[in-house]
Structures are given as C-alpha cells and as structure tokens.
Amino acid sequence: MKVIMLGAPGAGKGTQAKKIANKYGVPHVSTGDILRANVKGGTELGSKAKGFMDQGLLVPDDLVVDMLIDRLGQDDASKGYVLDGFPRTIPQAEALDAALVKIGEKVDYAINVEVPDEDIVRRMSGRRACPNCGGTYHVVHIPTKVEGVCDACGGELVLRDDDKPETVKKRLGVYHEQTKPLIDYYTKQGLLVTVDGTKDTDKVFEDIEGFLR
Ligand code: AP5
C-alpha cells in the first residue's frame, strides 16, 4: 500500500501517518524528519537544507527528490509506505510517478487532511517535538504523561524553530502557492480522499481507515 499524506503544515499529516504505518505495517517516511536528521548530523544535505527550513521555505526539489527516491529503494519500503511531506510540489509528484512507472507501480491513495488556516497557527504553537525519536505531542490536545518529556523515549521535548508564529504564517503561504495544486493533481488521477482534520485524532483516523479498507 502506497499512501501520500497531503495537507497544510500542522494539519496532522505526521500524526495520522504514524497511525497508518502502525496499523498496516508499512514505514512512515517523513521528508521533514529525514531533513531534520541531516541537519542534526551536520551532513552536506543538512547544511544546504537548513537555511530554507528555518525560513519556512521549501528545500529545492533536486535535493529532496534524490533523497526520497533513495529512501524508497530501501528494503523496508518494498511492500509500501506512507509518505508524509512528499510530494510538496508538482515536479516532486511527477518525479515520484516517473520513478514508480519504471517499476510498474503507482500511488494508491492521496489523503488530504483538511484544517482551516485559522486553526493552524494555534495548533503549531502548542506542538512539542522529540528531537531523539521524532515523537509529536500537543500541550493541550495530545499531552505527555510528564510535561516536557517524550512518552516514547524519555527525550526532552522542544518547540521546533519553524513552529514560531511568523514562520508558520510563511509556511502556510508556501503551502497555498506550491503544495495545494497537488489536490487537483491527485483528484484528476482519481486518488484523492479528503478527511476533516479538525476532529479528534482517533476520529480522523477512523475516517481514514474507512477509505483504506
Ligand atoms: P515537515 O516536517 O514536513 O513539516 P510540515 O509539512 O510543515 O508538517 P508538520 O510536521 O509541521 O505538520 P503535520 O501536518 O505533520 O502535523 P502534526 O501531525 O505534527 O517539513 C518541515 C520543513 O522541511 C518544510 O517547511 C520544508 O522546509 C522542508 N521539507 C520537508 N519536506 C519537503 C519537501 N518534500 N520538499 C521541500 N521541502 C521539504 O500535528 C501538528 C500538531 O497538531 C501536533 O502538536 C499534533 O499533536 C497536533 N494535532 C494533530 N492532529 C490533531 C487533531 N486532530 N486535533 C488536535 N491537535 C492535533
């Protein structure tokens, strides 16, 4: 099963992608997580990507496409995956389609998690992320057992640099301009399903499962 998650920054793509990955036994592939790991590890890719990420801009397609196609070639992705944060532009979607056509495969579902812009900034300022294991929480909606400490690995939670309100507004602008056209792209392919991302996380997942069944 090959699933793509679409939606504005903070719509809940990562939260739902992890649930899908757990339930269906496929890897959760987040380009944001891979890029952040490269920044943390001080790689050449990380140093090129950091400036774009800190400003709320997209990392250039040529850097991201090679990184993603390489990740999808790993053994654990042979039976499918949930892509979170990729594609982000029409050229990225076309590159993914071309890579899949070469091996006689295609995307099965593009899930659009819909949340109005006005909810996004509020949601992002409450997000807390674990730099160790990638766990994601929310101070009100999805609190940890111990404040500021990751339930999964005990790591110290942080507010991501790009979750500050001014950067979130910039990311939303970039989303509307460069990523939202993918909704039409996948609608035309008959692959798009839209869920209401303002509901409780378990209810959003139930709605997604209804489509994947
Ligand atoms: P990335 O990490 O992909 O960020 P994003 O798409 O902006 O998405 P987020 O991770 O911010 O949000 P999400 O939708 O996953 O929401 P989450 O589940 O965490 O990318 C970061 C940067 O990397 C980009 O800006 C760009 O620079 C670069 N990049 C990455 N991919 C790229 C690409 N393909 N091309 C170019 N550049 C790329 O939820 C958000 C919060 O809400 C959490 O606190 C969560 O707990 C809470 N929450 C979730 N669901 C609910 C709910 N139903 N109700 C209440 N709260 C909820």
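Just so we're clear, the structure is a prediction, and the values are computed from it rather than from any experiment. Order of listing sets the numbers, starting from 1, for every ligand and every atom in it.
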J.: For Phe86 and ligand 1, does the shortest N/O to N/O distance drop below 3.5 Å?
T.: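 By distance alone, the answer is no.
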J.: Hey, is CD on Glu118 packed in by over 12 heavy atoms from elsewhere, all under 6.0 Å?
T.: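 Enclosed: over 12 neighbouring heavy atoms sit under 6.0 Å from CD of Glu118.
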J.: Could you tell me whether Thr201 approaches ligand 1 through its side chain, its backbone, both or neither, with non-hydrogen atoms closer than 4.0 Å?
T.: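 The answer is both, backbone and side chain.
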J.: Is the side chain of Lys199 donor-acceptor paired with the backbone N or O of Val204 at a distance under 3.5 Å, no angle test?
T.: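 Pair absent, no side-chain N/O of Lys199 close to backbone of Val204.
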J.: Between Asp184 and Lys188, is there a salt bridge with N-O shorter than 4.0 Å?
T.: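 Answer for the salt bridge query: no.
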J.: Heavy-atom contacts under 4.0 Å between Leu58 and ligand 1: side chain, backbone, both, or neither?
T.: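 Both the backbone and the side chain of Leu58 come within reach of ligand 1.
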J.: I'd like to check which ligand 1 atoms, numbered from 1 as shown, lie under 4.0 Å from a non-hydrogen atom of Arg127.
T.: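 Selected atoms, number and element: 9 (P), 10 (O), 11 (O), 12 (O), 16 (O), 17 (P), 19 (O), 40 (C), 43 (C), 44 (O).
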J.: If we count only N and O atoms by modelled type, under 3.5 Å, do the side chains of Thr136 and Lys18 hold a donor and an acceptor together?
T.: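 Lys18 and Thr136 do have a side-chain donor-acceptor pair below 3.5 Å.
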J.: Which of the atoms in ligand 1, numbered in the order shown and given with their element, are less than 4.0 Å from a heavy-atom of Gly85?
T.: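 Ligand 1 atoms under the 4.0 Å threshold to Gly85: 31 (N), 32 (C), 33 (C), 34 (N).
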J.: Same cluster for Leu68 and Leu63 if Ile/Leu/Val/Met/Phe/Trp/Tyr side chains link at under 4.5 Å?
T.: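 Result: yes, single cluster for both.
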J.: Closest by any non-hydrogen atom to atom 27 (O) of ligand 1: pick that one out of Val195, Thr15, Leu57.
T.: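 Ranked by closest heavy atom to atom 27 (O) of ligand 1, first place is Leu57.
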J.: Hey, which atoms in ligand 1 end up nearer than 4.0 Å to a heavy atom of Gly14?
T.: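 By the 4.0 Å cutoff, the relevant atoms are 13 (P), 15 (O), 18 (O).
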J.: Could you tell me, atom by atom, which parts of ligand 1 come under 4.0 Å of a heavy atom of Thr31?
T.: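 Going through ligand 1 atom by atom, the ones under 4.0 Å from Thr31 are 30 (C), 31 (N), 32 (C), 34 (N).
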J.: Any idea which part of Pro60 is under 4.0 Å from ligand 1, heavy-atom wise: side chain, backbone, both or neither?
T.: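 Near ligand 1, Pro60 shows nothing, with every heavy atom at 4.0 Å or more.
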J.: For ligand 1, which atoms, with element, lie under 4.0 Å from some heavy atom of Gly197?
T.: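 Atoms satisfying the 4.0 Å criterion: 53 (N).
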J.: Less than 3.5 Å between some nitrogen or oxygen of Pro9 and one of ligand 1, yes or no?
T.: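 Pro9 vs ligand 1: no N/O contact under 3.5 Å.
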J.: Can you tell me which residue and heavy atom of the protein come closest to atom 16 (O) of ligand 1, and the distance to 0.1 Å?
T.: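 Residue, atom and distance for the closest contact: Gly12 N, 3.2 Å.
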J.: Is the closest N or O pair between Gly126 and ligand 1 shorter than 3.5 Å?
T.: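 N/O-N/O distance under 3.5 Å: no.
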J.: Which of the numbered atoms in ligand 1 are under 4.0 angstrom from any heavy atom belonging to Arg36?
T.: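 That gives atoms 2 (O), 21 (C) of ligand 1.
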J.: Any chance CD of Glu156 has more than 12 other-residue heavy atoms, nucleotides or ligands included, within less than 6.0 Å?
T.: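 No.
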J.: Please confirm whether the backbone N or O of Tyr137 pairs with a side-chain atom of Arg128, one donor and one acceptor, at under 3.5 Å?
T.: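 No, the answer is negative, given that no donor and acceptor are paired below the 3.5 Å cut-off.
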J.: Using a 4.0 Å heavy-atom threshold (strictly under), name the region of Tyr175 that reaches ligand 1: side chain, backbone, both or neither.
T.: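 Answer for Tyr175: neither.
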J.: Quiz question: by atom type and distance under 3.5 Å, do the side chains of Asp61 and Thr89 form a donor-acceptor pair?
T.: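 Their side chains do contain a donor-acceptor pair, which is all the 3.5 Å distance test asks for.
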J.: Has ligand 1 got any nitrogen or oxygen that is less than 3.5 angstrom from a nitrogen or oxygen of Asp162?
T.: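 Asp162 vs ligand 1: no N/O contact under 3.5 Å.
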J.: Please compare Arg88, Arg122, Gln92 and report which has the shortest non-hydrogen distance to atom 3 (O) of ligand 1.
T.: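 When every heavy atom of Arg88, Arg122, Gln92 is considered, Arg88 comes closest to atom 3 (O) of ligand 1.
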J.: Among all protein heavy atoms, pick the one closest to atom 44 (O) of ligand 1 and tell me residue, atom and distance.
T.: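 Result for atom 44 (O) of ligand 1: Tyr137 O, 2.7 Å.
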J.: With respect to atom 40 (C) of ligand 1, which of Gly10, Ala17, Gly7 exhibits the smallest heavy-atom separation?
T.: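 Looking at heavy atoms only, Gly10 sits closest to atom 40 (C) of ligand 1.
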J.: Checking a contact table here: which protein heavy atom is nearest atom 28 (C) of ligand 1, and how many Å away?
T.: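 Its nearest protein heavy-atom neighbour is Leu35 CD1, 3.7 Å.
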J.: Given Asn22 and His28, is the side-chain hydrogen bond (donor to acceptor under 3.5 Å, both in side chains) satisfied, shown in steps?
T.: CA-CA 9 Å; Asn22 282 340; His28 165 215; over 6 Å; no
J.: Regarding ligand 1, does Asp200 bring an N or O atom to under 3.5 Å of one of the ligand's N or O atoms?
T.: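 Among all N and O atoms of Asp200, none is under 3.5 Å from an N or O of ligand 1.
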J.: Would you say the side-chain atoms of Thr31 pair up with the backbone N or O of Gly85, donor to acceptor, closer than 3.5 Å?
T.: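 Present.
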J.: Any carboxylate oxygen within less than 4.0 angstrom of a Lys/Arg side-chain nitrogen, looking at Asp163 and Arg171?
T.: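 Yes.
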J.: To which protein heavy atom is atom 46 (O) of ligand 1 closest, and what is the distance rounded to 0.1 Å?
T.: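 Sorting protein heavy atoms by distance from atom 46 (O) of ligand 1 puts Ile142 CD1, 3.2 Å first.
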J.: May I ask you to check whether Arg171 has an N/O atom sitting below 3.5 Å from an N/O atom of ligand 1?
T.: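 Arg171 vs ligand 1: N/O contact under 3.5 Å present.
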J.: Given Ser30 and Lys13, is the side-chain hydrogen bond (donor to acceptor under 3.5 Å, both in side chains) satisfied, shown in steps?
T.: CA-CA 10 Å; Ser30 157; Lys13 302 181 295 295; over 6 Å; no
J.: Does Ala8 come within less than 4.0 angstrom of ligand 1, counting non-hydrogen atoms of the residue?
T.: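 Yes, that is the case, since the closest heavy atom of the residue is under 4.0 Å from the ligand.
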J.: Check this for me: does any side-chain nitrogen of one of Lys170 and Glu166 sit under 4.0 Å from a carboxylate oxygen of the other?
T.: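 Glu166 and Lys170: not salt-bridged.
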J.: Taking all heavy atoms of Pro116 and all of Thr198, pick out the closest pair and write down the distance.
T.: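 In this case the closest contact between Pro116 and Thr198 is CD-CG2, 3.6 Å.
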J.: Short N/O distance, under 3.5 Å, between Lys13 and ligand 1?
T.: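 In this structure, Lys13 places an N or O atom under 3.5 Å from an N or O of ligand 1.
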J.: Starting from atom 37 (N) of ligand 1, which protein heavy atom do you reach first, and at what distance in Å?
T.: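 The closest one turns out to be Val59 N, 3.0 Å.
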J.: Would you mind checking if Arg71 and Asp76 are paired as a salt bridge, meaning a charged N to carboxylate O distance below 4.0 Å?
T.: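 Judged by the 4.0 Å cut-off on N to carboxylate O distance, Asp76 and Arg71 do form a salt bridge.
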J.: Suppose I only count heavy atoms of Val64 and a 4.0 Å limit; which atoms of ligand 1 are within that range?
T.: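 Listed by number with element, the hits are 33 (C), 34 (N), 35 (N), 36 (C).
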J.: Taking Asp117 first and then Lys169, would you say they form a salt bridge - that is, a charged N and a carboxylate O separated by under 4.0 Å?
T.: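 Looking at Lys169 together with Asp117, the answer is no, because their closest N to O distance does not fall below 4.0 Å.
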J.: For atom 22 (C) of ligand 1, tell me which residue out of Met53, Lys203, Arg128 has the closest non-hydrogen atom.
T.: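 Going through Met53, Lys203, Arg128 one by one, Met53 has the nearest heavy atom to atom 22 (C) of ligand 1.
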J.: One thing to verify: whether Asp97 and Lys106 come together as a salt bridge, which I'm taking to mean a side-chain N less than 4.0 angstrom from a carboxylate O.
T.: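 No.
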J.: Any heavy atom of Gly56 sitting closer than 4.0 Å to ligand 1?
T.: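 Checking ligand 1 against Gly56, which is what was asked, there is no heavy-atom contact under 4.0 Å.
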J.: If I apply the N/O under 3.5 Å rule, does Asp163 come out as touching ligand 1?
T.: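 Between Asp163 and ligand 1, no N or O pair is found under 3.5 Å apart.
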J.: Would you indicate which of Met5, His138, Arg123 comes nearest to atom 57 (C) of ligand 1 when only heavy atoms are counted?
T.: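 Residue with the shortest heavy-atom distance to the ligand atom: Arg123.
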J.: Work out which heavy atom in Ala8 is nearest to a heavy atom in Leu172; give both atom names and the distance.
T.: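 Where Ala8 meets Leu172 most closely, the heavy atoms are CB-CD2, 4.0 Å.
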J.: Identify the closest protein heavy atom to atom 56 (N) of ligand 1: which residue and atom is it, and at what distance?
T.: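 Ranked first by proximity to atom 56 (N) of ligand 1 is His141 CD2, 3.5 Å.
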J.: Nearest protein heavy-atom contact for atom 53 (N) of ligand 1: which residue, which atom, what distance?
T.: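 Answer, as residue, atom name and distance: Lys199 O, 2.8 Å.
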J.: I'd like to check which ligand 1 atoms, numbered from 1 as shown, lie under 4.0 Å from a non-hydrogen atom of Met124.
T.: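 Taking each heavy atom of Met124 in turn, ligand 1 has 11 (O) under 4.0 Å.
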J.: State if Gln16 counts as touching ligand 1 under the rule of any non-hydrogen atom under 4.0 Å.
T.: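 No; Gln16 lies far enough from ligand 1 that no heavy-atom distance drops under 4.0 Å.
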J.: If you draw a 6.0 Å radius around NZ in Lys50, do more than 12 non-hydrogen atoms from other residues or ligands fall strictly inside?
T.: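 Atom NZ in Lys50 is not crowded, with 12 or fewer foreign heavy atoms closer than 6.0 Å.
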J.: Give the minimum heavy-atom separation between Thr179 and Arg88, together with the two atoms involved.
T.: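 Result for this residue pair: OG1-O, 2.7 Å.
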